[in-house]
Amino acid sequence: MLNKENLEKATALFARYPEKKAALLPILWIAQEQEGWISTDMMKYVGDLVGVPYAHVMGVVTFYTMFNDKKLGRHHIEVCTNVSCMLRGSDKIVAAAEKVCGTKLGSTSADGRFTLSEVECMGACGGAPMLAIGEEYHEHLTAEKAEQILTNLK
Amino acid sequence: MEKYILPEIPNYHQIDVYEQHGGYAALKKVLQMKPDEVIEEVKKSGLRGRGGACFPTGMKWSFMPKGNERPKYLAVNGDESEPGTFKDRQIFELNPHMMIEGILIGCYAMGITSAYIYIRGEYGKWIRMVDKALADAYAKGYIGQNILGTGFSTNIYTHKGAGAYICGEESALMNSVEGDRGYPRIKPPFPAQKGLWSSPTTINNVETMTNVPLIINKGADWYSKIGVAKHPGPILVGISGHVNRPGVYEVPTGVPLLTLINDPQYGGGVPGNKRIKAVIPGGSSTMVLRGENLEGVNMDADSLKAAGSSVGTAGLMVMDEDTDMVRVLARIAHFYHHESCGQCTPCREGTGWLEKMLHRFEHNEARQADVDMLVNVANQIEGNTICALGDAAAWPVQSFVKRFREEFEKRVRTAEHSAA
């Protein structure tokens, strides 16, 4: 369930659109920011709030890669491996991240600290290679820099 | 050349600084004009969309029905997900008010009362920057009810995407705004007849809108003389890959690709002075060009078309002589397979086939017949899907095999040798 403050934020969004359904993505964002992921119960709750069936909400959540229907590790590390990053050595960033996080690309470390994902182009090609920790972009990386940044995460 | 879209003025993203340098003067000017005069001016300027398709902006605006029987909407496309493209992010960060001013001018010209700036979800930080700029513009009375006392009202909101390349396709973007999966719609009906909530809608790219105040302030004649005549204006070129100075550079259209790559004020040359093996001129979906064929090829729609590619989003990816073209194409194929929305069989299945086949090439397991089969599969996707993602997946394959066939055949021979 959304907490009181977030419920107010969510309902305020309805005024932006002629139909309530349009607030679905923004409200799912609020839900995910609150919980870190979107559970089945949350999908049902958001569906009721927006006035669409649970199946519709699940369809949307599973379509968009940024909505998580599973819990992630404490830190979500995303390494771009698309062309511009690949040309500038993203292989080495992946290797460094796998080493520090102790888990392979596409998985969560056993201690639950890191979820490591391959990500498609994040629009940081001028700062390639790059990785993102949550919303924070880290660009112009070397393997050493990547290792250092990740090692410093608690 | 002087810079207009990304001027080097400290704190230009702040509304006060923007106003001190003439910001929102174009809006004030437009509010004294008739809406049709505004559309005429944009038409006359020759501005073409900066999102990839190069469609004339003024003409697009003129497709919107007159009158207000139904509400009309504007969607501003800041999904920016084409690999190699990172220009709109610069506008959000460095010049959001010029974009907002352009949006307001578009709204006035087309009689629109709600605009949505659709920004990719990964740009959370930049969405907050735009939200701040919007709040400041609301506070100054540039957005909202009865703008500057003229009786004209419009609202502008950001709408955050959630990680789907396909939402950069205009009809998928509209579905995403409406709270659905980002599935492209069959056209016709076109958005100007039936777009957001079945009402007339225009979709313009972020950079396109940022050009509009310039046209109003300085006049269509002035604007149309920047760069090349058929595709005029300043353009943001994102240079990435094997260059010394990757980044976004504002140039007039028509600058030679070799200048963009080698000039010390732009790409600054290839590291280690290596030879350029290939460039992808306008984001990953545009056709690859061989390095030795770049002489006389310029960054504008006609020149790149003549060279057998397209300007796309002007995201120029440079590859040096050591680049493994098979691996690059395999990575591109992986991307399009990942991003196919799954509606149309040729794209859903075909992009998967392409990825699997290219995986075989990458690991020296391909057969000779696979070289032509790659192109065959790509040909069967192209033109057979609801939206252009199918084409975007096919073009790289067709052009890589056509222009670097020897690299694909080399991978075959290794396989046949090891089999023998």
Side-chain angles (χ1 to χ4, degrees), chain A residues 13 15-30 32-33 38 46 50-52 56-68 78 80-88 90-91 117-130 132 134-137 139-140, chain B residues 71 73 80-90 114 116 120-126 155 157 159-165 167 176-183 196-197 199 238-242 245-248 280 284 315 317-320 323 327-328 331-332 334-335 338-339 341-342:
Chain A
L13 287 166
R16 294 182 167 206
Y17 309 96
E19 287 179 8
K20 277 173 93 178
K21 192 182 73 176
L24 180 56
L25 266 74
I27 292 177
L28 286 171
W29 271 117
I30 293 173
Q32 181 158 299
E33 273 154 29
I38 302 170
V46 171
V50 176
V52 296
H56 180 87
V57 182
M58 191 173 83
V60 166
V61 169
T62 53
F63 182 85
Y64 294 93
T65 52
M66 291 185 79
F67 290 138
N68 307 312
E78 296 178 290
C80 174
T81 59
N82 210 302
V83 176
S84 298
C85 281
M86 187 182 101
L87 292 171
R88 296 184 76 91
S90 60
D91 285 353
S117 312
E118 174 183 73
V119 73
E120 293 300 348
C121 185
M122 293 200 95
C125 320
M130 68 86 69
E135 264 188 7
E136 207 54 48
Y137 280 28
E139 305 182 45
H140 303 286
Chain B
Y73 298 102
E80 182 150 88
S81 307
E82 172 87 355
T85 311
F86 49 107
K87 64 191 180 66
D88 294 342
R89 185 182 140 190
Q90 302 289 314
S114 298
Y116 302 92
R120 64 179 301 179
E122 292 85 349
Y123 282 180
K125 211 166 120 185
W126 290 272
N155 283 302
Y157 309 105
H159 191 94
K160 185 179 185 179
Y165 168 74
C167 291
S176 188
V177 171
E178 290 185 17
D180 292 323
R181 298 170 80 121
Y183 283 157
L196 279 169
W197 301 287
S199 286
I239 310 179
S240 66
H242 295 140
R245 286 165 37 89
V248 173
I280 296 175
S284 64
M317 296 148 111
V318 181
M319 287 158 259
D320 73 16
T323 308
R327 188 167 182 225
V328 172
R331 186 62 189 80
I332 292 174
H334 173 63
F335 172 75
H338 184 260
E339 300 298 339
C341 82

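First the proteins, then the strands, lettered A, B, ... as listed; each starts at 1. Note that the structure is a prediction, hence the values are computed from the model and not measured.
Chain B forms more heavy-atom pairs under 4.5 Å with one residue of Val60(A), Asn82(A), Leu13(A), Val83(A) than with any other, namely Asn82(A). Between chain B and the residues Glu19(A), Glu135(A), Glu78(A), Arg16(A), the most heavy-atom pairs under 4.5 angstrom are made by Arg16(A). Annotation: maximal heavy-atom pairing with chain A below 4.5 Å, among His242(B), Glu80(B), Arg245(B), occurs at His242(B). Contact count versus chain B (heavy atoms, under 4.5 Å) is highest, among Phe67(A), Tyr137(A), Phe63(A), for Phe63(A). Among the candidates Ser81(B), Gly161(B), Pro71(B), the residue making the largest number of heavy-atom pairs closer than 4.5 Å to chain A is Gly161(B). For the set Gly163(B), Ala162(B), Gly84(B), the count of heavy-atom pairs under 4.5 angstrom toward chain A peaks at Ala162(B). Heavy-atom pairs under 4.5 Å with chain A peak, among Gly238(B), Gly182(B), Ser284(B), at Gly182(B).
Annotation: salt bridge (charged side-chain N to carboxylate O under 4.0 Å, His left out) contacts of Arg181(B) (sequence neighbours excluded): none. Scored by the side chain to side chain donor-acceptor pair (under 3.5 Å) test, Lys125(B) finds Glu136(A) as partners (sequence neighbours excluded).
Here Cys125(A) contributes atom SG and Glu82(B) contributes atom CD; the two are 10.0 Å apart, rounded to the nearest 0.5 Å. Taking CG of Leu87(A) as the reference point, atom CE of Met319(B) lies at 6.0 Å (rounded to 0.5 Å). For the atom pair CZ of Arg120(B) and SG of Cys121(A), the computed distance is 6.0 Å after rounding to the nearest 0.5 Å. Atom CE in Met66(A) sits 4.5 Å away from atom CD in Glu122(B) (nearest 0.5 Å).
Only the backbone of Thr85(B) comes within contact range of chain A, judged by heavy atoms closer than 4.5 Å. Val61(A) does not touch chain B: none of its heavy atoms, backbone or side chain, sits under 4.5 Å away. For chain B, the nearby parts of Met122(A) are the backbone and the side chain; heavy atoms of each come within less than 4.5 Å. In this structure, chain A has heavy atoms under 4.5 Å from both the backbone and the side chain of Asp180(B). Only the side chain of Cys167(B) comes within contact range of chain A, with heavy atoms under 4.5 Å apart. No part of Ala128(A) comes within reach of chain B, as not one of its non-hydrogen atoms sits under 4.5 angstrom from that chain. Looking at Ser176(B), both its backbone and its side chain come within 4.5 Å of chain A, counting heavy atoms on both sides.
The pair Arg89(B)-Glu139(A) meets the salt-bridge criterion, with a side-chain N (NZ, NE, NH1 or NH2) lying under 4.0 Å from an Asp/Glu carboxylate O.
For Ala164(B) against Tyr64(A), the heavy-atom pair with the smallest separation is CB-CD2, 3.8 Å.
Between the side chain of His159(B) and the main chain of Leu25(A), no donor-acceptor pair closer than 3.5 Å is present.
His334(B) places a side-chain heavy atom less than 4.5 Å from the side chain of Glu118(A). A heavy-atom distance below 4.5 Å is not found between the side chains of Glu178(B) and Leu24(A). Using a 4.5 Å heavy-atom threshold, the side chains of Pro18(A) and Tyr73(B) count as touching. Contact annotation: the side chain of Val328(B) approaches that of Met86(A) to within less than 4.5 Å [non-hydrogen atoms, C-beta and beyond]. For the pair Trp197(B) and Tyr17(A), the minimum side-chain heavy-atom distance is below 4.5 Å.
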